[in-house]
Amino acid sequence: MIDRPRFYLTTAIAYANSMPGVHTLYEVIGADAVARWHRMQGHETRFLTGTDEHSVNIAMRAAEEGRAPRDFVDEKVALFKAAEASLAISPDRFIRTTDPDHIASAQEMVRRAYANGDIYLGAYEGWYCPSEGFRNATDVQETPRGTICPNHPEVPLQWLTEKNWFFRLSAYQERLERWFEDHPDFVEPTYRKNEMLGFIRQGLEDFSISRAGSGWGIPFPILEDGASAQRPDGTWHPDAGTIYVWYDALINYVTGAGFPGDPESVATWWPADLHIIGKDILRFHSIFWPAMLWSAGLEAPRKVWAHGWLLAAGGERMSKSRGNFLDPGDFVRAFGTDGARYIALREVPFDRDAEVSWDGFVRRYNADLANDFGNLVNRTVSMANRYLAGERPDPRAEGTSVLGTSWSTTLAAVQGRFDRMLLHEVLAELWAFVGDANKVVEAEQPWVIVKAVKAGEEGAEARLRGVLGDLIEACRLVALAAAPVLPTVAPRILAQLGYAWAYGADGNGGPALLDELRWGAHAGEPGQLTAPEPLFPRLEVETADA
RNA sequence: GGCAGGGUAGCUCAGCGGCAGAGCAAGCGGCUCAUAAUCGCUAGGUCACAGGUUCGAAUCCUGUCCCUGCUACCA
């Protein structure tokens with residue numbers, strides 16, 4: 001048990017069938033910023049992300065390359081981990097659905113649902129592609145030659161019936177409606193919640209949770225007669241089939257909390273505070289998932305947040321097959337770890353889709369990071385070095401400083417936006433304050449004051465120290481408040497200002513962030529600034545590529 | 001088809017009965033601490049289209065045209 005607030009958040013697990021794109025990592029970047037925001041506040045935080053590795057599709061892709069599925073997904077997982085490392089993503093656990101504890105977890109969830117009477121044998125029917133398995137009715141195409149699957153147009157589809165286990169979702173209809181009513185913030189943004197409510201009210205059907213055969217998946221733990229499918233030698237009976245990939249995938253969130261082997265950990269970490277997911281899988285997370293949990297005697301998560309998407313020019317969804325794929329390697333090489341994170345979270349509202357472009361990214365980087373903030377830190381450090389020999393003066397008292405007054409409203413707004421998951425607005429608030437600081441430099445003109453100091457004018461020295469103290473404090477506060485988004489640059493800024501960095505690489509271990517974010521929190525402590533060093537080198541405008 | 005959301009400056013968007021706004025991009029000027037930076041000013045709009053309600057409509061109502069999302073087992 002822990003004695004401080006805990007926060008358990010997850011991303012969706014990424015489907016390990018190809019290399020990651022920036023549009024996929026956007027969700028992880030956002031979740032990482034939220035995780036760091038909680039860690040820096042001193043909350044006991046658990047941030048789970050990972051990969052979804054089973055399914056007929058993945059087995060097929062591996063077979064196309066003549067490789068074993070495990071070998072195939074290992075390679076994809078390495079690509080995801082490398083891309084996340086380059087973006088300073090800091091999961092407390094990177095979970096894979098092929099992990100042994102997850103396999104045990106998914107099987108236990110099936111057993112519990114069975115014991116609760118929520119699982120029964122039925123027949124699943126649909127269009128079956130010999131290469132890809134059952135296909136969604138909306139994905140198949142009618143042609144003169146018959147019904148085909150777009151990925152394998154040469155092979156006619158068969159209408160097949162398969163004996164499967166079904167989950168009694170219909171039994172949870174009323175409870176789900178009540179849950180949505182009693183927890184109006186369960187799904188956000190609100191318009192997404194309304195879509196889900198509409199779906200529930202249409203009437204819920206049971207869904208299949210197993211597939212026949214011992215393919216690439218977690219062995220279904222129960223035989224048709226209800227007996228355990230595990231054989232004396234520990235292997236699983238192939239006749240039991242496998243757990244259908246959705247029933248497998250969602251369960252990673254309880255595995256990550258320690259289910260089922262560590263009840264104390266589950267008591268600490270479940271229910272999750274937040275699942276951050278894409279809008280395309282909201283139904284599974286907000287309707288199927290709570291029902292699955294209730295069936296197993298567990299609580300529903302506290303919040304599901306459906307974020308928007310990065311769209312290419314013309315509003316097209318980004319994907320590798322459309323050729324508008326944005327490679328995370330190019331992205332990080334161009335903008336740096338922190339620049340890439342900032343741009344992604346600033347250019348795309350966290351609650352909506354947005355069209356993005358390489359030119360837009362460059363403009364945003366130059367305007368916000370190189371010019372407004374990077375240059376503010378640079379000119380501030382430079383002036384303190386030049387005019388005060390690098391000694392750090394205190395800021396003026398909050399009530400007597402324009403910036404001190406402005407900061408109190410900024411901080412309140414930042415907190416509110418963070419708590420409502422509006423990460424783009426968090427940054428907009430902070431950068432409005434950066435603009436205030438740049439205006440203060442022009443209004444007070446330290447280079448004029450310093451001449452008055454040299455002329456021995458009374459009060460000039462105090463004025464100079466006051467202005468520079470305010471500017472240094474403004475830089476410290478913005479760096480700290482933006483640290484969840486700029487985790488590697490923030491410590492460098494504090495170092496230039498003569499402050500030690502008190503937090504670990506993942507944001508854990510330092511003083512409570514909200515104390516640090518008080519105007520003048522370190523007044524009276526002597527400090528020495530270092531030589532100025534550009535943080536975000538300005539980029540030349542490039543023509544669109546990537 | 002049904003339900004929901006949207007169409008406002010070159011770009012991204014805010015405003016949602018009371019003088020059309022912000023940021024970026026563009027042009028001009030100031031300043032020199034700074035990363036060709038920054039500060040100020042300017043320009044830029046049939047608020048998708050047509051009708052209606054109102055003293056007054058980007059905002060409310062009706063219709064039309066576009067765009068997007070949801071409408072169950074690819075994940």
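By convention in this document, chain letters (A, B, ...) are assigned in the order of the sequence lines, proteins followed by strands, and residues within each chain are numbered from 1.
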Considering only nitrogen or oxygen atoms on both sides, find all protein atoms under 3.5 Å from nucleotides 27-29 of chain B and state each distance.
none

Check: What residues, two or more places apart in sequence or in another chain, satisfy side-chain contact (heavy atoms from CB on, under 4.5 Å) together with A:Asp353?
Finding: A:Lys279, A:Trp309, A:Leu311

Note to self: Filter on salt bridge (charged side-chain N to carboxylate O under 4.0 Å, His left out), then keep only pairs touching residues 155-173 of chain A, sequence neighbours left out; what's left?
What the structure shows: A:Lys163-A:Glu224

Next item on the list: Quick one: list whatever passes side-chain contact (heavy atoms from CB on, under 4.5 Å) with A:Ala370, sequence neighbours left out.
Entry: A:Tyr365, A:Asn366, A:Arg538

Note to self: A:Arg346: which residues meet the side-chain contact (heavy atoms from CB on, under 4.5 Å) condition with it, sequence neighbours left out?
What the structure shows: A:Tyr342, A:Arg364, A:Asp368, A:Leu427, A:Ala428

Check: What stems, by residue range, does RNA chain B take part in, given at least 3 consecutive Watson-Crick or G-U pairs under 3.5 Å?
Finding: B:1-7 with B:65-71, B:10-13 with B:21-24, B:26-30 with B:38-42, B:48-52 with B:60-64

Item checked: Closest listed nucleotide, where the reference is the side chain of A:Arg363 and the choices are B:A75, B:U71, B:C11 -> B:C11

Checklist line | Any residue of residues 381-389 of chain A with a heavy atom less than 4.0 Å from an atom of RNA chain B | finding: A:Ser382, A:Met383, A:Arg386, A:Tyr387

Notebook entry, point to check: Among pairs that include at least one residue of residues 283-294 of chain A, which meet salt bridge (charged side-chain N to carboxylate O under 4.0 Å, His left out), considering only residues two or more places apart or in two chains?
Noted result: none

Checklist line | For RNA chain B, the residues among residues 198-207 of chain A that have a non-hydrogen atom under 4.0 Å from it | finding: A:Phe199, A:Gln202, A:Gly203, A:Leu204, A:Glu205

Filtered N/O pairs between nucleotides 39-42 of chain B and protein, under 3.5 Å:
none

Item checked: salt bridge (charged side-chain N to carboxylate O under 4.0 Å, His left out) pairs, two or more places apart, involving residues 378-393 of chain A -> A:Arg379-A:Glu442, A:Glu391-A:Arg465

Margin query: Among residues at least two apart in sequence or on other chains, which ones pass salt bridge (charged side-chain N to carboxylate O under 4.0 Å, His left out) with A:Asp74?
Written below: A:Arg70, A:Arg96

